[in-house]
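All chains are named by letter (A, B, ...) in the order of the sequence lines, taking the proteins before the strands, and each is independently numbered beginning at 1.
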Amino acid sequence: MLWTKTFIPTLREDPAEAEIASHRLLLRAGYIRKLTAGVYNYLPLMQRALHKITNIIREEMDASGAIEITMPVLHPAELWQKTGRWDTVGKEQMRLKDRHGRDMVMGGTHEEVVTWIVRGELRSYRQLPLNLYQIQDKFRDEIRPRFGLMRGREFIMKDAYSFDRDETGLRIAYNKMVDAYFKIFKRCGFDVKMVESDVGAMGGTNAHEFMVLVNTDGGECTILSCDRCDYAANIEKAVSIPMALPKSNEEPKSKEMVFTPNMRTIEEVTAFLKKPAEKLVKTLVYLADGKPVAALIRGDRQINEIKLKNHLHCLELEMADPATIVRLTGAQVGFTGPVGLKGVPIVADIEIKSMVNFVVGANRDDTHIINVNLDDFSVDEFIEIRCAEAGEVCPRCGIGHLVSSRGIEVGNTFMLGTKYSDPLGARFIDENGEEKPFIMGSYGIGVTRTLQAAIEAFHDEKGIIWPKSLAPYDFHVIPLFMSEPRQKEVAFDIMSKLEQAGYSVILDDRDERPGVKFNDADLIGMPVRIAIGEKGLKEGVVEIVRRKDLKMEKVPVEKAAERALEIYREL
RNA sequence: CGGGGCGUAGCGCAGCCUGGUAGCGCACAUGGUUCGGGACCAUGGUGUCGGAGGUUCAAAUCCUCUCGCCCCGACCA
């Protein structure tokens, strides 16, 4: 392909809208352009990279036995109402009405639709297992779209749905998908980490995320993994065995009110009372679907709202507003405590059980209570609601310690069970003539986000460094001066040899200065570049450079294509 | 949804405070000189100053409303 015959609008300056490297590079290198918040045009280079990755995905999905279909983007509301997700997925769902006033949704995922298909067509266990997948546009009205393709409102996703007769079948299907995912991401050039995750609004019993580890600002999630065994989980899901505090042999004392003028935060109170944060108990008041609940957690810990939410079985969990806190506790925010707190259920983190003589708010302005013990108030339930932290002991092997890293989620897998087949009445007849709901799984890969993750993982200050498998073109040929017939001739000759060998080539035939061409080549990131210039031709050589490390090699003109192929294959 | 910021030429920005004929760089067009890591000279074209309303002799500039976009937060007790 000739540069002047395609469309690669590179930018000389950094676009103002981009924050992280991969987003900036996608814009600068002419891969994408934003249409509106969270919605992007994919330009020719992007389109080619998309073909690369979707081919990989198709090959591996097909090899795993999954079957490709395409489902509609537009769904009738009734389907979503039947599974209850019309309400639970709520704000994220793009909704609209048709001309008859019927409610429709733009699909952000397709469990309902695929279940509807199977419900109508499959009747017997003999037809199982089945795994249907598609690669298609998805719509999600994200709270805040950001980082380009990372969190968009329209994006491309591969989604697969497995149907089995029982849990055993589901496990087999699930493991097949996990295997396929490792193969897919390996072919994309990165090692992914499979981590346990919360099932969230998807429902079901068991879920994992596939994370590309990056140590840049682009890392959107924190994951904790064991330095000894294979335990890994995202921060929402991670559990740990807390580090044993020095066993307290303190005798419980009697509680005592203390004056703490304007001391509201843990920092302020610890400084004022000269007590460490682990001797404090925070009391956080939440509204769970509008109903107040108080959560107690040690002063130096972070609460894990996902764990709390799951425990409370509520749809919406939010911190109570100051007015509500005043109404419930009789004191300003910052002085809430469990002692004497009435009319609000209290849940406490299990760590609190082993605390002695701690500090809590007094439910009276400017007052805390010290030397509080468990008998001084009643807890409705002890549960684990704190965030696990790096350094703590692994819950699986009990020996290793958790280390924290950042990653980008590129895939996820869910064991759904009958969450969708039940309400939609998708059932089959088993070998005993009994009617049973399908046992389902669902499996996603964020296609566009995976490409951006690749850029986030593979770039330098000059531009993108594509892994071979995703690069829009395999080779980038640069005749420095198109006005020089000899350079042009050599360049075109090399291109046609490479193409005949079955590889794709972009040839920069622009009438630009060499500097511009080199910089653009570094920017758009093809794996191997061949530069043909006057200096080299005088010695009868061209220059072959690998993008990865910009290592250059001078090669005789007549060996150029052959050697370029070797260099490419060694990558 | 809360807080902050920004909308001026295709892109990046200045001008706004203190109202008075809309500017700079890049890009683009033409000509010339250049030519191995983002050239130079000359000439030229380019604007609903996001939109609506208001104040004023006069509004990019001041006021009100509105739309769009970006960032932070929504794990603080």
Side-chain angles (χ1 to χ4, degrees), chain A residues 9-20 23 27-28 30 33-39 91 143-148 217 222 235-236 260 262-270 277 280-286 294-297 299-309 316-322 324-326 328-329 331-338 341 359-363 365 368 385-387 389 462-463 478-484 487 508 510-523 529 531-538 541-543 545 550 552 554:
Chain A
T10 57
L11 263 22
R12 187 179 288 242
E13 293 171 86
D14 271 334
E17 68 184 72
E19 278 297 297
I20 60 170
H23 184 199
L27 288 161
R28 268 200 71 192
R33 286 293 183 265
K34 187 178 69 183
L35 182 63
T36 183
V39 179
K91 294 167 197 157
I143 305 177
R144 174 141 91 97
R146 65 182 117 182
F147 299 152
D217 293 340
T222 302
I235 192 78
E236 297 169 347
T260 50
N262 233 0
M263 301 294 149
R264 291 158 187 275
T265 65
I266 292 294
E267 292 72 36
E268 287 163 357
V269 175
T270 52
L280 269 58
V281 167
K282 290 194 271 199
T283 305
L284 283 64
V285 179
Y286 284 89
L296 307 186
I297 189 157
D300 58 330
R301 299 299 195 189
Q302 295 291 312
I303 194 158
N304 184 326
E305 290 186 350
I306 303 279
K307 288 182 187 171
L308 179 59
K309 188 176 171 182
E316 293 270 355
L317 182 71
E318 54 182 352
M319 307 230 38
D321 54 288
T324 302
I325 289 180
V326 171
L328 291 171
T329 70
Q332 296 294 317
V333 171
F335 304 100
T336 306
L341 186 63
V359 180
V360 299
N363 298 321
D365 286 355
H368 280 76
I385 49 172
R386 57 179 249 288
C387 284
E389 290 170 26
K462 288 170 173 293
I478 304 180
L480 298 200
F481 295 99
M482 282 297 285
S483 51
E484 295 292 324
Q487 289 182 30
D508 194 344
R510 289 177 300 173
D511 187 17
E512 284 286 355
R513 302 172 69 82
V516 173
K517 295 186 175 190
F518 288 139
N519 281 311
D520 274 346
D522 293 340
L523 234 199
R529 176 211 308 172
I532 300 103
E534 191 186 352
K535 280 185 196 167
L537 288 185
K538 269 184 190 154
V541 300
V542 301
E543 293 164 10
V545 176
L550 298 178
M552 193 265 277
K554 292 187 178 181

Test your reading of the model: is there a side-chain donor-acceptor pair from [X] to the backbone of [Y], 3.5 Å cut-off?
{"X": "A:Q302", "Y": "A:C387", "result": "no"}
{"X": "A:D508", "Y": "A:I478", "result": "no"}
{"X": "A:Q487", "Y": "A:P479", "result": "no"}

Ignoring the backbone of [X], work out which of [options] is nearest its side chain.
{"X": "A:I143", "options": "B:C75, B:G38, B:A74", "value": "B:A74"}
{"X": "A:V516", "options": "B:C69, B:G38, B:C13", "value": "B:G38"}
{"X": "A:K535", "options": "B:C1, B:G12, B:G36", "value": "B:G36"}
{"X": "A:E305", "options": "B:G36, B:C75, B:G38", "value": "B:C75"}
{"X": "A:F481", "options": "B:C35, B:G37, B:C11", "value": "B:C35"}

Report which part of the nucleic acid [X] touches: base, sugar-phosphate, or nothing (heavy-atom distance under 4.0 Å, all strands).
{"X": "A:Q302", "answer": "base"}
{"X": "A:V285", "answer": "base"}
{"X": "A:E17", "answer": "sugar-phosphate"}
{"X": "A:G361", "answer": "nothing"}
{"X": "A:K462", "answer": "base"}
{"X": "A:E534", "answer": "base"}
{"X": "A:R510", "answer": "nothing"}

Counting just side-chain N and O atoms, does [X] come under 4.0 Å of either OP1 or OP2 of [N]?
{"X": "A:T36", "N": "B:C69", "answer": "yes"}
{"X": "A:R144", "N": "B:C71", "answer": "yes"}
{"X": "A:R146", "N": "B:C72", "answer": "yes"}
{"X": "A:K34", "N": "B:C70", "answer": "yes"}
{"X": "A:R513", "N": "B:C35", "answer": "no"}

Check side chain to side chain donor-acceptor pair (under 3.5 Å) between A:D300 and all other residues, then give those that pass, not counting sequence neighbours.
A:R298
Could one point to a donor on the side chain of [X] or the base of [N] with an acceptor on the other under 3.5 Å away?
{"X": "A:R28", "N": "B:G38", "answer": "yes"}
{"X": "A:R529", "N": "B:G37", "answer": "yes"}
{"X": "A:D522", "N": "B:G37", "answer": "yes"}
{"X": "A:E512", "N": "B:G37", "answer": "no"}

Could you tell me the separation between the [atom1] atom of [X] and the [atom2] atom of [N], rounded to a whole number of Å?
{"X": "A:E484", "N": "B:G36", "atom1": "CD", "atom2": "P", "value": "11 Å"}
{"X": "A:E13", "N": "B:C28", "atom1": "CD", "atom2": "C1'", "value": "15 Å"}
{"X": "A:I20", "N": "B:C72", "atom1": "CD1", "atom2": "P", "value": "10 Å"}
{"X": "A:E267", "N": "B:C75", "atom1": "CD", "atom2": "C1'", "value": "13 Å"}

What are the two closest non-hydrogen atoms of A:R510 and A:K517, and how far apart are they?
O-NZ, 2.8 Å
Begin with the C-alpha distance, continue with both residues' side-chain angles, and end with the deciding distance and a verdict on side-chain contact (heavy atoms from CB on, under 4.5 Å) for A:L27 and A:R33.
CA-CA 6 Å; A:L27 288 161; A:R33 286 293 183 265; 4.3 Å; yes
